[in-house]
Amino acid sequence: MKITPQVQRWLRFVAGGGINTGFSYLLYLLLGLVLNYQFAFFVAYIAGIFFSYWFNARFVFHVPLSWKGLLSYPLVYVVQYVISALLLGSAVEWLGIDKRIAPLAITSITLPITYLMSKFLLASRKPASPDHLQ
């Protein structure tokens, strides 16, 4: 069975998300040893955005790093957070889904949205060439 380039890119995106989650969490734990937990979370979250930009640009969408890309990429996370917060509130308050389980369901909904937004912001900057047509 041959895996298409689109599926390979999706798998790299998911793997990068897993690596980013582990990286951000470990950084949060380490910073939490010397900083207030809220500040540690903030720094780890921002570091996670930088890591995600770097990983997705270099390994998922194969585009060059740029200041424009770096400065626009956090929009993905702003949109993702707003959508997640709205869905989470709806799931818990209106649908009665347990607040410990609801974020897992929300992640499964927002993951494709995050991928598409990342693709739009990163892959749209890539010059068209026969090897990169998706």
Side-chain angles (χ1 to χ4, degrees):
M1 180 172 125
K2 183 177 180 193
I3 299 176
T4 67
Q6 292 84 359
V7 171
Q8 289 175 356
R9 187 174 58 201
W10 171 255
L11 292 173
R12 287 191 308 267
F13 180 80
V14 172
I19 293 167
N20 189 25
T21 299
F23 163 75
S24 298
Y25 185 62
L26 180 61
L27 184 59
Y28 166 74
L29 292 176
L30 292 172
L31 291 172
L33 297 173
V34 294
L35 300 173
N36 170 281
Y37 75 94
Q38 287 286 10
F39 191 65
F41 180 78
F42 174 77
V43 171
Y45 191 83
I46 297 302
I49 292 173
F50 283 108
F51 177 85
S52 180
Y53 168 70
W54 172 79
F55 188 90
N56 285 324
R58 298 286 298 172
F59 299 106
V60 177
F61 298 106
H62 304 289
V63 296
L65 300 174
S66 71
W67 285 109
K68 182 180 177 183
L70 178 63
L71 295 175
S72 63
Y73 194 73
L75 291 174
V76 171
Y77 285 90
V78 170
V79 172
Q80 177 198 40
Y81 180 81
V82 169
I83 291 170
S84 296
L86 292 172
L87 289 173
L88 181 63
S90 299
V92 172
E93 300 297 325
W94 295 347
L95 300 176
I97 298 173
D98 188 303
K99 65 182 178 183
R100 294 168 294 186
I101 296 183
L104 300 174
I106 301 310
T107 299
S108 68
I109 294 169
T110 59
L111 188 62
I113 296 167
T114 303
Y115 174 80
L116 291 173
M117 288 188 306
S118 296
K119 181 180 177 184
F120 175 76
L121 281 175
L122 295 175
S124 65
R125 298 182 306 112
K126 180 171 42 176
S129 71
D131 332 347
H132 292 103
L133 293 178
Q134 303 298 326

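Only a predicted model underlies this, so the values are computations on that prediction, with no experimental measurement involved. One is the number of the first residue; the rest follow in order along the sequence.
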How close do [X] and [Y] get, counting heavy atoms only, and between which atoms?
{"X": "Y77", "Y": "S52", "answer": "OH-OG, 2.7 Å"}
{"X": "A44", "Y": "L27", "answer": "CA-CD2, 3.9 Å"}
{"X": "R9", "Y": "Y115", "answer": "NE-OH, 2.7 Å"}
{"X": "L88", "Y": "A102", "answer": "CD1-CB, 3.5 Å"}
{"X": "S66", "Y": "G69", "answer": "OG-N, 2.9 Å"}
{"X": "A57", "Y": "L122", "answer": "N-CD1, 3.8 Å"}

Assess whether atom [atom1] of [X] is packed by more than 12 heavy atoms of other residues, nucleotides or ligands within 6.0 Å.
{"X": "F42", "atom1": "CZ", "value": "no"}
{"X": "Y25", "atom1": "OH", "value": "no"}
{"X": "F41", "atom1": "CZ", "value": "no"}

Reported [atom1]-to-[atom2] distance for the pair [X] and [Y], which is rounded to 0.5 angstrom:
{"X": "L86", "Y": "I83", "atom1": "CG", "atom2": "CD1", "answer": "8.0 Å"}
{"X": "L87", "Y": "I97", "atom1": "CG", "atom2": "CD1", "answer": "10.0 Å"}
{"X": "Y28", "Y": "L35", "atom1": "OH", "atom2": "CG", "answer": "11.0 Å"}
{"X": "L111", "Y": "W10", "atom1": "CG", "atom2": "CH2", "answer": "4.0 Å"}
{"X": "H62", "Y": "R12", "atom1": "NE2", "atom2": "CZ", "answer": "4.0 Å"}

Path from [X] to [Y] over hydrophobic side-chain contacts below 4.5 Å:
{"X": "I46", "Y": "L71", "result": "no"}
{"X": "V43", "Y": "V34", "result": "yes"}
{"X": "L121", "Y": "V79", "result": "yes"}
{"X": "I109", "Y": "I101", "result": "no"}
{"X": "L104", "Y": "L95", "result": "no"}

Task: Check against side-chain contact (heavy atoms from CB on, under 4.5 Å), F39 and L31 - done: CA-CA 9 Å; F39 191 65; L31 291 172; over 6 Å; no

TODO: Before giving the answer on side-chain contact (heavy atoms from CB on, under 4.5 Å), spell out for Y53 and L65 the whole-Å C-alpha distance, their side-chain angles and the decisive distance to 0.1 Å.
DONE: CA-CA 8 Å; Y53 168 70; L65 300 174; 3.6 Å; yes

- [ ] Mind running side-chain contact (heavy atoms from CB on, under 4.5 Å) on F55 and I19 for me, showing each step along the way?
- [x] CA-CA 10 Å; F55 188 90; I19 293 167; 4.3 Å; yes

Open item on the list: Let's go through Y73 and S118 carefully: what are the C-alpha distance in whole Å and the side-chain angles of both, what is the deciding distance for side-chain contact (heavy atoms from CB on, under 4.5 Å) to 0.1 Å, and is it a yes or a no?
Closed with: CA-CA 7 Å; Y73 194 73; S118 296; 3.2 Å; yes

Task: F120 and F61 aromatic centres sub-6.0 Å - done: no

TODO: Indicate yes or no for a side-chain donor-acceptor contact from S24 to the backbone of T21 under 3.5 Å, with no hydrogens or angles considered.
DONE: no

